[in-house]
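What follows is a set of notes on a single structure, which appears directly below.
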Amino acid sequence: MFPPMPGSLPRFLALYTALFAGFGVASPFFPALLASKGLNPTGIGLVLAAGTAIRLLSGPAGGRLADRSCIPSRVLAGFLMTAGVLALGFLPAYGLMLLLVMGLAESAVLAPLIPIADALTLLAAQGPPRFQYGWVRGTGSAAFVGGTVLSGFAIARFGLPSFIWLNAALLAATSAIALTLPRGRVSRPQHPQAEGGILCLLRLPWFVRLMAVAALVEGSHALHDSFAVIRWEAAGIGSDMAGLLWSEAVVSEVLVFIWLGRRLLDRLGPGGAAMLAGLAGVLRWCVMARTSWLPAMAAIEPLHGLTFALLHLACMRLIGQLVPPHLAARAQAFYGTVAIGAATAVLTLVSGPLYAGLGSNAFLVMAGLCALAMPLARGLPRTGEG
């Protein structure tokens, strides 16, 4: 890609702010919208599961389209505008079949957004002028929280459909911002074998190892996301304190993205950082398996900054520095929608039976997954500073 224009960092910060705020205004309230449209719990689950399934296909396909485009930022803008228009289609839609079709279409165009944005950001961050990917991604995490709060106020005042208008407006704004990004023109590969796409990536031993580590550690969050609040409430922790515990995790994520993560990466390398993320996961899930004592929960929730944000930064550094530019978006899409997405979907599916059968000891299974990831992480290559 051509070097980014001077001052590109503010544009990437604006992109991630609008994009993740758009996700934040919609994600928590989308199931409630489906219920208001006449869907029962089975129908809601079907729409959400179908959306997850289509992402496994559309994410890599969208990444391939961006990689093959001369100006991938315009591909990103096109997906964003399409997603905004489709979002408005949920306002008149009613009934299972129409909502299922709308959900499939919307999920298909949403899936490539973060992979393409991450690929563009990582390439631009290598400069000149250089900047840290973590600054941009941390801003996005904070914006997601802000979007959720904004949407809550809007729904309280204007009703549930208001979040759809906010989501569509933010996606349209993100599309406009994407058009201002550095063009990011990718030169065509010099050899035919360079067009191997996903198969070319899967022939790289370090890439397969990295995807396995990400799937194990990131996927282990599925049980927490599904049953942590249920477990806390059963132990007498009220919704207000549960919200604070969840906020702790988000704050730690932002701090690692913006400040601590690069320091740990430069000192430990991606492999060492991934091992630390796995170790943090073992500790976090073992404590959750043994107690729901509020001070203990308050002590371990900030480990989310290591189990998620630090591992994500390690993955971004390896993908950003070792994957050829013409495969960047496909690598991001495989990482986000296949490795993590499929693992999370499967582990979310089994979380119910695990928790029903084992209770809190189900978290020991998640600790085991993190332990399995640690020796795999040890063999990851070390790269230069990011």
Side-chain angles (χ1 to χ4, degrees), residues 1 55-69 72 111-112 114-126 133-134 137 184 186-220 261-262 265-266 268-278 308 310-344 346 369-370 372-386:
M1 289 191 174
R55 285 169 183 263
L56 300 180
L57 299 175
S58 64
R64 185 172 189 269
L65 179 62
D67 282 334
R68 295 178 67 86
S69 169
I114 292 179
I116 298 174
D118 278 345
L120 288 168
T121 306
L122 286 167
L123 289 164
Q126 296 172 23
Y133 166 83
R137 186 58 177 79
V186 180
S187 60
R188 304 309 304 152
Q190 296 299 313
H191 304 288
Q193 61 266 32
E195 279 284 14
I198 295 298
L199 290 179
C200 181
L201 292 169
L202 294 178
R203 294 190 190 104
L204 302 172
W206 70 265
F207 184 80
V208 175
R209 184 182 291 263
L210 182 67
M211 295 303 101
V213 171
L216 290 167
V217 179
E218 301 281 11
S220 74
R262 180 178 180 179
L265 268 176
D266 289 344
L268 301 175
M275 288 183 66
L276 179 58
F308 169 68
L310 181 61
L311 179 60
H312 183 71
L313 288 175
C315 293
M316 291 299 99
R317 178 168 293 188
L318 285 174
I319 292 172
Q321 295 189 359
L322 299 182
V323 169
H326 70 278
L327 294 175
R330 273 171 282 190
Q332 292 289 349
F334 191 90
Y335 161 73
T337 61
V338 179
I340 296 177
T344 300
V346 170
L369 296 180
C370 292
L372 286 174
M374 292 175 67
L376 294 173
R378 185 177 182 182
L380 292 172
R382 187 180 183 97
T383 63
E385 292 186 3

For [X] versus [Y], what's the shortest heavy-atom pair and its separation?
X    : Y    : result
A314 : P270 : CB-O, 3.8 Å
V213 : A373 : CG2-O, 3.8 Å
P115 : A111 : CD-O, 3.3 Å
T344 : G219 : OG1-CA, 4.0 Å
G59  : A333 : O-CB, 3.2 Å
G278 : C370 : O-CB, 3.4 Å

Find the distance between [atom1] ([X]) and [atom2] ([Y]) and round it off to the nearest 0.5 Å.
X    : Y    : atom1 : atom2 : answer
M211 : L201 : CE    : CG    : 8.5 Å
I114 : Y335 : CD1   : OH    : 10.5 Å
D266 : R382 : CG    : CZ    : 8.0 Å
L327 : R68  : CG    : CZ    : 11.0 Å
H312 : I340 : NE2   : CD1   : 7.5 Å
Q332 : D67  : CD    : CG    : 10.0 Å

Check whether any side-chain heavy atom of [X] lies under 4.5 Å from a side-chain heavy atom of [Y], and answer yes or no.
X    : Y    : value
L318 : F207 : no
I319 : L210 : yes
T121 : M316 : no

Determine yes or no for a side-chain-to-main-chain donor-acceptor pair under 3.5 angstrom, with [X] supplying the side chain and [Y] the backbone.
X    : Y    : result
Q126 : G320 : yes
R209 : L376 : yes
S220 : V217 : yes

Discussion item. L313 vs R262, test: side chain to side chain contact (heavy atoms under 4.5 Å, CB included). Steps then yes/no.
Written reply: CA-CA 8 Å; L313 288 175; R262 180 178 180 179; over 6 Å; no

